[in-house]
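Just so it is clear: chains get the letters A, B, ... in the order the sequence lines come, proteins before strands, and each one is counted from 1.
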Amino acid sequence: MGYEFHTIEKKWQKYWAKNQTFKVAINYEKPKFYVLDMFPYPSGSGLHVGHPLGYIASDIYSRFKRHKGFNVLHPMGYDAYGLPAEQYAIQTGTHPEVTTEKNIIRYREQLDNIGFSFDWTREIRTSDPAYYKWTQWTFIKLFGSWYNNTTDKAESLESLIDVFLESGNSKIDAASGDVETFSASEWKRMSEKQQQEILMSYRLAFLSETMVNWCAELGTVLANDEVKEGLSERGGYPVEKKHMKQWSLRITAYSQRLLDGLNKVDWPESLKEMQRNWIGRSEGASVLFDIHDSKNNIEVFTTRPDTIFGATFMVLAPEHDLISEITSSDKLEAVEKYQLWAKHRSERERMTEVKNVSGEFTGSYAINPLTNTKIPIWIADYVLSGYGTGAIMAVPGHDSRDFAFARHFNLPITQVVVNLGEEPGDTAIWDDSYDTKEGLMINSGFINDMSVNKAITSVISKIEEMGIGKGTINFRLRDAIFSRQRYWGEPFPIYYKDDMPYPLSEDQLPLELPKVESYLPTSEGKPPLANAKNWVTKDGYPLETNTMPGFAGSSGYYLRFMDPENKNEYFSKKANDYWKDVDLYIGGDEHAAGHLIYSRFWNKFLFDINRVCEDEPYRKLINQGKIQGRSNFVYRIQGTNKFASFGLKNDYETTALHVDINIVNNDILNTEEFVNWRPEFKDAEFILEDGKYICGHDIEKMSKSKHNVQNPDSLIEKYGADTLRLYEMFLGPLEQDKPWDTNGIEGVFRFLRKLWRLYFDEIDTIIVTSEKANDNELKSLHKAIKKVTSDIERFSFNTGVSAFMICVNELNDLNCHKKEILEPLAILISPYAPHIAEEIWQSLGNNESISEEHYPIHDDKLLVENNFEYPVSFNGKLRFKLALPINMPKDEVEKAAINAEEAKKWLDGKTIKKIIVVPNRIINIVVG
RNA sequence: GCUCGAGUGGUGGAAUUGGUAGACACGUUGGACUUAAAAUCCAAUGGGCAUUGCGCCCGUGCGGGUUCAAGUCCCGCCUCGAGUACCA
């Protein structure tokens, strides 16, 4: 008998489900609180112990907030579109929907076993037509909107057309592609197709020919954040740059707002910094350089306009439009060869060969507008076509890349900035350029002797005056490529007429994903949807065959949770006005440059079109750390089937082999199970130490091949969900990465049994009495209430667990079984260990779930001590302790300290120079 | 290279505002109970010196500094991790 967690946990999980304990609805009587987890992709391997870490934390917080009187929205769903299910479909022909459904059932079972307080009536799946209808709906809205830089928000395309009809596009300041200026009458004379082509340059969801990240292995393009070090994030396949016509979202229109919004959200600084870097704002100037003997000119972007006098050559990206026009005939062959070479270089090659300088002279010269000297124009792939204008003025004296290039090709290097107090140097003997912004200008005409910062503003005014440039701001952020050549994703609500895309009307949504025979691209290389029969509108127009990327469905899912069953709208205004935004969002930081940017963009767009009331979706965000695996090893003596224990392995020539952590307990191998683990170990022999086989261990990523995957189910089977919940929290700070190690779980399990024994005797009879509690018992309880409450509020869940342990240890020592103490204690612990808390609550004679009880509040009066044990230090070193009445006046404390028996030894023969007394803290006596 | 974060016992970690470093737990050792085991309970447990109690020295990656007082603040390094990668 005793703490029968199996029975208890099943019982309460059923109770919560049956009574819909955690179902929430709008309730104006209570303040709202929205706690969200990053919803999972339901993979085939199920949950491992790393997944629930954040879910447990958010569950504790949700339950706590509920106890505190909040109306808590705590939903869960599935990011159900994903590559693994589709790859599996390609291999086996199983529809991804079938695989996904199966995995979801498994996930749900595992989640239920942990006892989460999710409102499951709100479950959503991104692959459900009832859900993706609204993903498609938002896409149509984006398609029908443009970004007005003057009002700094998205507006409907109709307003743009009205302006076109009235005055053409010359007065429009929009975030757009390249558009020629036209007048109202020119607009009116255009064909529908011409008009549509122009509108496409303004749409926030637009089709364009762009340089994309093409992954041949996956047969699809990828967004920038899906490429890591030149390889696909999923699968690690090579990625190359390719020109393709693709759907994109004009997220760059929101660059500045995405940057500014970071200042008002409560997110980890590191995550904000990552987003700031990803957005990459830089201030500088664009300057036009004339080309010698040509009408053309080239615009460059620089963040150091002050160094323009040191610009001794110009470099264009190999893809730059003007190259063919300006290249002299004798250089043409070499230039084209270089362009071809650059084009065929993979992203990975380009990145790994950064140190190798390459380039080609075009034979043409530009005119430096401030020095009026001829400077050679080169092409090189260290200049990127996608950033700035794809052209730079090279200042080798003050830019390390330009310096390396100049050295390699013997181009002149001029110094234009000199560090304060230093003499100008001979650039011919420099090892590197002088890049810092500190110093004074030299060799620079009218800006000589100015500081760098002063020179920057002066040059900008000068070029503006000359009409050849202006101060500009550049962002590194690129528009998000939104189409994928895959099957398992949201279809675009788009059809083609006369080769131009048109949106479906809202009443035709959702456009459901059709059945296909094959999940592979067609023989002509079209996406899998081209395999679908009748993939046309009812009028016979062909439908788009690309599908949306993974981040489409996750960009606005938090909004749908507010009103998940709404058939007429994404969500009602009423629901959005009540739930507003996510108060607490918990998830991993791997989404920093992906989901968390797209989602903010999505939300800001919906804010602009008056669909949502908050312009930032996630008020507070916490990144839970990753749980690393802890592998165990056995050491096989080479050429034998003998295994030496860890301490003896160095006596032999051994090979370390990963061993399944499930047959190892506290690093001790279960040799019987090991022998049965695999056929090749059937005849294994062991060289033991102290009669045991000790395994080695190491911290690695959790993976099947390392046999170190810990799934929660087996731990729940052995110790119960409440132990798992407490243990995952006890492991360490939520935000920190930490190795998984079951070695400590026994302690938490012991604690729960100790807790149980405060309430029940050996035969599970309740032994709680109605006796009045004494001061010590009250103090112990209230100390715990104070500590646990403040710990939850600052998301310090690990120290909260120790506070429970301290309290239970104390009550155990006090032999306390009093209701006055133990009833509040049950509520106190219920967010962490809800099953045992419910069981205790019921045994105490309550009929309702503990989850709605008011959380106990500590009483400071009960925590007041009569004495404080002062640590007494001499010259900062602790020598003895002295108990004195609390709040004793300073001078009396001083006297007491000096006159204390133990003080004599330390004062002997010395003079007291100073005494520091911090009331109820420390006493420090300075002697000399 | 740049940006950010971290470094505390055998282990996970605690120390919230500069004020008793190592809470809580694991592990280890010794003991009680038991025919035995499990479970439970008690004691010790940073290192060193000393030991009849007392007691002293050292100690939060390294080297300096500020302060009556530094794991915490400042300066300079080292190591590890994450992000990013020719962004002009």
Is any side-chain N or O of [X] closer than 4.0 Å to OP1 or OP2 of [N]?
X: A:Ser270; N: B:A82; answer: no
X: A:Gln736; N: B:G13; answer: yes
X: A:Arg276; N: B:G83; answer: no
X: A:Arg750; N: B:A25; answer: no
X: A:Lys881; N: B:U20; answer: no

Using Watson-Crick or G-U wobble geometry with both distances below 3.5 Å, tell me the partner of [N], or none.
N: B:C54; result: none
N: B:C68; result: B:G19
N: B:C41; result: B:G31
N: B:U60; result: none
N: B:G12; result: B:C24
N: B:U84; result: B:G1
N: B:G7; result: B:C78

Could you check which of [options] has an atom nearest any side-chain atom of [X]?
X: A:Arg753; options: B:A25, B:U3, B:A39; answer: B:A39
X: A:Met274; options: B:G13, B:G83, B:A88; answer: B:G83
X: A:Lys877; options: B:C58, B:A25, B:A23; answer: B:C58
X: A:Met805; options: B:A85, B:C24, B:A88; answer: B:C24
X: A:Trp906; options: B:A88, B:C56, B:U20; answer: B:C56
X: A:Arg757; options: B:A23, B:U20, B:C41; answer: B:C41
X: A:Asn798; options: B:A88, B:C24, B:G13; answer: B:G13
X: A:Arg476; options: B:C86, B:G13, B:U84; answer: B:U84
X: A:Pro733; options: B:U40, B:U84, B:A14; answer: B:A14
X: A:Thr799; options: B:A88, B:C41, B:A14; answer: B:A14

Once you round it to whole Å, what is the distance between [atom2] of [N] and [atom1] of [X]?
X: A:Lys241; N: B:A85; atom1: NZ; atom2: P; value: 10 Å
X: A:Asp737; N: B:C4; atom1: CG; atom2: C1'; value: 14 Å
X: A:Tyr719; N: B:C26; atom1: OH; atom2: P; value: 12 Å
X: A:Leu878; N: B:G18; atom1: CG; atom2: P; value: 21 Å

query = Syn or anti for B:G9, taking syn as within 90° of 0?
reply =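 Here B:G9 takes the syn form, which means its glycosidic angle is within 90° of 0.
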Given side chains that start at C-beta, do those of [X] and [Y] come closer than 4.5 Å, heavy atoms only?
X: A:Asn887; Y: A:Asn920; value: yes
X: A:His320; Y: A:Ile379; value: no
X: A:Met888; Y: A:Val893; value: yes
X: A:Tyr719; Y: A:Leu752; value: no
X: A:Leu688; Y: A:Ser645; value: no

Counting the atoms with a prime plus P, OP1 and OP2 as sugar-phosphate, which does [X] contact under 4.0 Å by heavy atoms, base, sugar-phosphate, or nothing?
X: A:Val926; result: sugar-phosphate
X: A:Asp402; result: nothing
X: A:Ile916; result: base
X: A:Leu731; result: sugar-phosphate
X: A:Arg879; result: sugar-phosphate
X: A:Asn924; result: base
X: A:Val383; result: base

Rounding to the closest angstrom, what is the interatomic distance between [N] and [M] at atom [atom1]?
N: B:U40; M: B:A50; atom1: P; value: 39 Å
N: B:U8; M: B:G63; atom1: P; value: 16 Å
N: B:G46; M: B:G9; atom1: C1'; value: 5 Å
N: B:U3; M: B:C56; atom1: P; value: 48 Å
N: B:G71; M: B:A82; atom1: P; value: 30 Å
N: B:G19; M: B:A69; atom1: P; value: 14 Å
N: B:A15; M: B:U84; atom1: C1'; value: 35 Å
N: B:G59; M: B:G76; atom1: C1'; value: 23 Å

Q.
Within the 3.5 Å criterion, strictly below it, is a donor on A:Thr723 or A:Tyr3 matched to an acceptor on the partner's side chain?
A.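 A:Tyr3 and A:Thr723 do not have a side-chain donor-acceptor pair below 3.5 Å.
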So does [X] have more than 12 non-hydrogen atoms from other groups sitting under 6.0 Å from [atom1]?
X: A:Arg921; atom1: CZ; answer: no
X: A:Glu438; atom1: CD; answer: no
X: A:Lys470; atom1: NZ; answer: no

Original post:
Mapping A:Phe868 and A:Ile392 onto RNA chain B by nearest heavy atom, which one lands closer to the 5' end?
Top reply: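 It is A:Phe868, whose closest nucleotide lies nearer the 5' terminus.
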Practice prompt. Could you pick out which residue, A:Lys626 or A:Asn224, lies toward the 5' side of RNA chain B when each is mapped onto its nearest nucleotide?
Written response: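 Whichever sits nearer the 5' end wins; that is A:Lys626.
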- Query: Under 3.5 Å, is there an N or O donor on one side and an acceptor on the other linking the side chain of A:Lys754 and the base of B:U40?
  - Reply: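 Between B:U40 and A:Lys754, which were checked side chain against base, a qualifying N/O pair under 3.5 Å is absent.
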